Amino acid sequence: MQPYSPDKPSAPRREGVKFEDVRLYLVERKMGRSRRSFLTELARSKGFIVEDVLSDVVTHVVSEDSQASSLWAWLKGGSVKNLPVMHVLDISWFTDSMREGKPVAVETRHLIQVCICFLNYSFTCTSGFSLQDAFEVLAESHEFNDMEGPCLAFRRAASVLKSLPWTVQNLRVTEDLPCLGEHSMCVIEEILQHGRSFEVEKILSDERYQILKLFTSVFGVGPKTAEKWYRRGLRSFSDVLAEPSIHLNRMQQSGFLHYGDISRAVSKAEAQALGNIIDEAVHAITPDAILTLTGGFRRGKDFGHDVDFIVTTPQLGKEERLLTSVIDRLKHQGILLYCEYQASTFDESKLPSHRFEAMDHFAKCFLILRLEDSQVDGGLQTAEEDRRGWRAVRVDLVSPPVDRYAFTLLGWSGSRQFERDLRRFARMERRMLLDNHALYDKTKKEFLAATTEKDIFAHLGLEYIEPWQRNA
DNA sequence: TGCTGGCAAACA
DNA sequence: TGTTTG
DNA sequence: ACAGCA
């Protein structure tokens, strides 16, 4: 079904289409009606498809309004589900493409980069309530203003709301929840009544917030660095990159270099392709090595923001060497774009800590790998005009000793909420301490060994739960 | 009323 | 040392 | 300036 009516005078023409997979939508706001028609005709005459209506078939949104909060606010209006996979571009991409006579590759300078959270917030307030996004915005805004107390409080409020199994419909159910005080309750009430919060919208339309949000979206740039740049008058990525006195560290360099790729979702097919690459590498080094895909993909999710693997070997004590060898091998293959290696700080006499989740002390590394299109079953999920033939992907490898493999697997498979619930159950109901390293029985004062996840569930007196059942 | 607010390791 | 990441 | 606690 097409999103336009074919009898409208401005219906896209089908003859002379040269680029079937690129569908433009031009935002009239700030552009004006006549200029929009002119640009539409120009593009169509060069073989582009231009849609009259914003819908799910659109792949490239082009706007002249690059101070972007109003743009995103407007984009939310249409019930478009796949905004995250659309390119939202400024007019420079359009003019470049017209000059070339074909869709040019999307580069960082083309993107209209506004915070993802604005997008989430806008969605939730128009279709169903998920209050957590509003609180995430409040937390972030306080973080940018160096108010760590309120920031923490709003973050906790957001995570409490997220953990609720139901969607909040009225104030009563939230009355006796933890971490929701006077201020938070006011925000909730406002959103429940009017579908929006004045305070949150003020933050979202604040220029400083938008710019800091933009800067911190770069891998390696936190609030302090973002604010330093803002205070120096820098307002865009090109401002930062053009400033000679700024020297980016290694992390920030790859953050900018692979900005588009790293912020794009990773598909299941891409995760499996990465699995093949790592699999080949570990088995070339150690034939009986063990490799497991974890994280969201192990729970059956279709997309993720990175790909996590556990790598180990049956020979106890050799696992750390295996990991460094894998890194060396990837480097020699020329696909290692970034690597941060952390040696093991594992102490097996230590009791599992229930204070903090998902923090382990095994040898691990955070990588950015180059993934070739030809290695992916069905191809990379890139836009048609992206002719590089590869993309960058964030990959994490963790390498526990084999006798801790099951605990690490359970810990890295998530979800976060499932891990929290499981650890709380172990502690409260079984008087046991569980983390990524071990399971400890406080009553018997002994560690409980496990070679599989099933062993751990059995120790806890629970029926085995499949990974794809662990999303709640 | 006044204090606290998960951690460790790598980089520059 | 301060900043950032997971 | 937020929430929970001593």
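In this text, all values refer to a predicted model and were calculated from it rather than measured experimentally. Per chain, numbering begins at 1; letters A, B, ... match sequence-line order.
- In the set C/dT5, B/dA8, C/dT4, C/dT4 carries the atom at the smallest distance from any side-chain atom of A/P223.
- One can place CZ of A/F362 at 16 Å from C1' of B/dC7, the figure rounded to the nearest angstrom.
- Residue contacts for A/R394: at a heavy-atom cut-off of 4.0 Å it reaches the sugar-phosphate backbone alone, with no base atom in range.
- A/H361 and A/H437 have parallel rings, their planes meeting at less than 30° on a 0 to 90° scale where 60° marks the start of perpendicular.
- The pair A/E453-A/R470 meets the salt-bridge criterion, with a side-chain N (NZ, NE, NH1 or NH2) lying under 4.0 Å from an Asp/Glu carboxylate O.
- As a whole-Å value, the separation of A/Y341 OH from C/dG6 C1' is 16 Å.
- The nearest whole Å value for the distance from the NZ atom in A/K364 to the C1' atom in B/dA10 is 12 Å.
- Annotation: D/dC5 and B/dG6 have their P atoms spaced 15 Å apart (nearest Å).
- A/R156 comes within contact range of at least one nucleobase, with a heavy-atom separation under 4.0 Å.
- Atom-to-atom, CD1 of A/I262 to P of C/dT4 comes out at 17 Å; the value is rounded to the nearest Å.
- Closest contact between the side chain of A/T345 and the listed nucleotides B/dA10, B/dA8, B/dA12 involves B/dA8.
- The aromatic rings of A/Y338 and A/F219 sit perpendicular, their planes meeting at an angle over 60°, well past the 30° parallel limit.
- Rounded to whole Å, the distance from CG on A/D360 to C1' on C/dG6 is 9 Å.
- Per the geometry, CH2 belonging to A/W229 stands 9 Å off P belonging to C/dT4, to the nearest Å.
- Between A/F418 and A/F457, the angle of the ring planes lies from 30° to 60°, which puts this pair in the tilted group.
- Computed from coordinates, the A/F346 CZ to B/dC7 C1' distance equals 17 Å when rounded to whole Å.
- Nucleic acid contact for A/E182: sugar-phosphate only, since backbone atoms but no base atoms lie under 4.0 Å from a heavy atom of the residue.
- If you take CD of A/E143 and C1' of B/dG5, they are 14 Å apart, rounded to a whole angstrom.
- Ranking C/dT5, B/dA12, B/dG5 by closeness to the A/R250 side chain, first place goes to B/dA12.
- Counting only distance, with no hydrogens or angles, the side chain of A/S197 and the backbone of A/I191 share no donor-acceptor pair below 3.5 Å.
- The A/N249 side chain lies nearest to B/dA12 when the options are B/dG5, C/dT5, B/dA12.
- If you check every strand for non-hydrogen atoms under 4.0 Å, A/D396 touches sugar and phosphate atoms only.
- A/G222 comes within 4.0 angstrom of the backbone, heavy atoms only, and of no base.
- Taking the side chain of A/L152 as heavy atoms from C-beta on, and the options C/dT3, B/dG6, B/dA12, the nearest nucleotide is B/dG6.
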For a quick test of your reading: what N or O donor-acceptor pairs under 3.5 Å do the side chains of residues 242-250 of chain A make, sequence neighbours left out?
unit_1, atom_1, unit_2, atom_2, d
A/E243, OE2, A/S245, OG, 2.8
A/S245, OG, A/R232, NH2, 2.5
A/N249, OD1, A/M251, N, 3.1
A/N249, OD1, A/Q252, N, 2.8
A/R250, NH1, A/C339, O, 3.3
A/R250, NH2, A/C339, O, 3.1

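- When each of A/D279, A/I335, A/L369, A/L367 is tested with A/L274 by the rule side-chain contact (heavy atoms from CB on, under 4.5 Å), just one qualifies, namely A/L369.
- In this structure, the side chain of A/R155 does not engage the main chain of A/E136 through any donor-acceptor pair within 3.5 Å.
- For DNA chain D, the outermost nucleotides in 5' to 3' order that have an atom under 4.0 Å from a heavy atom of chain A are D/dA1 to D/dG4.
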